[in-house]
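Below is one structure, written out as C-alpha cells; the observations come after it.
Predicted model, so just to flag it, every value in this text is computed and none were measured. One-based numbering along the sequence shown.
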Amino acid sequence: MPPQTKRFFALAVALSCVSGAPAIAGSIDSMSLANELGSVLASEKPCGLTFDQAAISAFIESKVPAKDMSFPSTLMVMTKGSAVQLEELSEAGKVAHCTQIRRVAKSYGFVK
C-alpha cells in the first residue's frame with residue numbers, strides 16, 4: 001500500500017473514532033479498552049508473538065460487558081489503525097513498542 005494511502009487510511013480511522021466516539025462506543029471506557037486491546041492485537045505478528053486465543057477470549061469475557069454491541073466494531077477499527085501505524089514506526093520505535101507489548105501481553109497471559 002502506498003504511504004499516502006496508509007496515512008489517509010490512518011487518518012480516516014482516527015476521525016471516524018473521534019467524531020462519533022460516545023455514540024458509537026457506548027462509553028469512553030469501552031472505546032479506550034478497544035483502542036488498547038487493538039494495539040496489542042495488531043502487534044502480534046510485527047512483534048514476533050503468538051497469542052493464546054483462549055486468554056484473549058477470557059480477557060474480553062471479564063472486561064467487556066455482554067451488552068456492549070459496539071465493542072467488536074470499535075476493536076476492529078482500532079486494530080486496523082494500529083496495524084497501519086506499526087508499519088510506519090522506525091526501528092527504534094518498533095523496539096520500544098514491542099518491548100512494552102510483550103510485557104503487557106505477558107501480564108494478561110496472552111503469550112503462549
Side-chain angles (χ1 to χ4, degrees):
M1 183 182 306
Q4 292 171 327
T5 304
K6 289 180 189 178
R7 281 191 285 273
F8 176 76
F9 178 72
L11 179 61
V13 167
L15 289 176
S16 70
C17 293
V18 171
S19 65
I24 293 172
S27 76
I28 298 299
D29 291 339
S30 176
M31 188 174 84
S32 179
L33 184 61
N35 181 43
E36 293 160 4
L37 183 58
S39 178
V40 172
L41 297 179
S43 302
E44 183 177 18
K45 285 185 183 179
C47 294
L49 302 170
T50 301
F51 292 153
D52 181 333
Q53 306 302 304
I56 293 168
S57 183
F59 175 85
I60 291 173
E61 289 279 347
S62 72
K63 302 284 186 187
V64 181
K67 292 183 177 184
D68 189 348
M69 293 191 328
S70 65
F71 183 82
S73 58
T74 305
L75 177 64
M76 184 173 51
V77 169
M78 297 301 190
T79 303
K80 294 232 182 234
S82 292
V84 170
Q85 290 176 330
L86 278 167
E87 291 177 9
E88 296 184 357
L89 277 180
S90 66
E91 284 304 309
K94 186 176 175 183
V95 167
H97 175 84
C98 290
T99 297
Q100 183 59 15
I101 289 295
R102 275 189 212 92
R103 296 174 71 213
V104 168
K106 184 178 178 182
S107 76
Y108 283 105
F110 292 173
V111 179
K112 287 186 173 181

* Structure fact -> Taken to the nearest 0.5 Å, the spacing of S73 OG from M78 CE works out to 10.0 Å
* To do: Output yes when a side-chain donor or acceptor of S57 lies under 3.5 Å from a complementary backbone atom of A54, and no otherwise.
  => no
* Structure fact -> Nearest heavy-atom contact between L49 and R102 is CD2-CG, 3.5 Å
* Asked: Of the non-hydrogen atoms in A34 and L75, which two are nearest, and what is the gap between them?
  -> O-CD1, 3.4 Å
* Structure fact -> The complete set of side chain to side chain donor-acceptor pair (under 3.5 Å) pairs with one or both residues in residues 31-48, sequence neighbours excluded, reads S32-E36, S43-H97
* Asked: Which other residues belong to the hydrophobic cluster containing M76, where Ile, Leu, Val, Met, Phe, Trp and Tyr are joined when side-chain heavy atoms lie under 4.5 Å apart, directly or via other members?
  -> none
* Asked: What distance separates Q100 CD from C47 SG, expressed to the nearest 0.5 Å?
  -> 11.0 Å
* For D29, side chain to side chain contact (heavy atoms under 4.5 Å, CB included) partners two or more places apart -> S27
* To do: Can you sort out the partners of F51 under ring-ring contact (aromatic ring centres under 6.0 Å, His included), two or more places apart, ordered by chain and number?
  => none
* Structure fact -> All heavy atoms of T99 vs all of V95, minimum pair found to be OG1-O, 2.7 Å
* Where S70 and S30 come nearest, the two heavy atoms and their spacing -> OG-OG, 4.4 Å
* **CZ on F71 to CG on L37, rounded to 0.5 Å** => 5.0 Å
* **Partners meeting side chain to side chain contact (heavy atoms under 4.5 Å, CB included) with P72 (sequence neighbours left out)** => none
* Should we say atom CZ of F59 is surrounded by more than 12 heavy atoms from elsewhere, each under 6.0 Å from it? -> yes
* Asked: Which residues pass the side chain to side chain contact (heavy atoms under 4.5 Å, CB included) test with A42, sequence neighbours left out?
  -> T79, S82, A83, L86
* CG on L41 to CZ on F110, rounded to 0.5 Å -> 7.0 Å
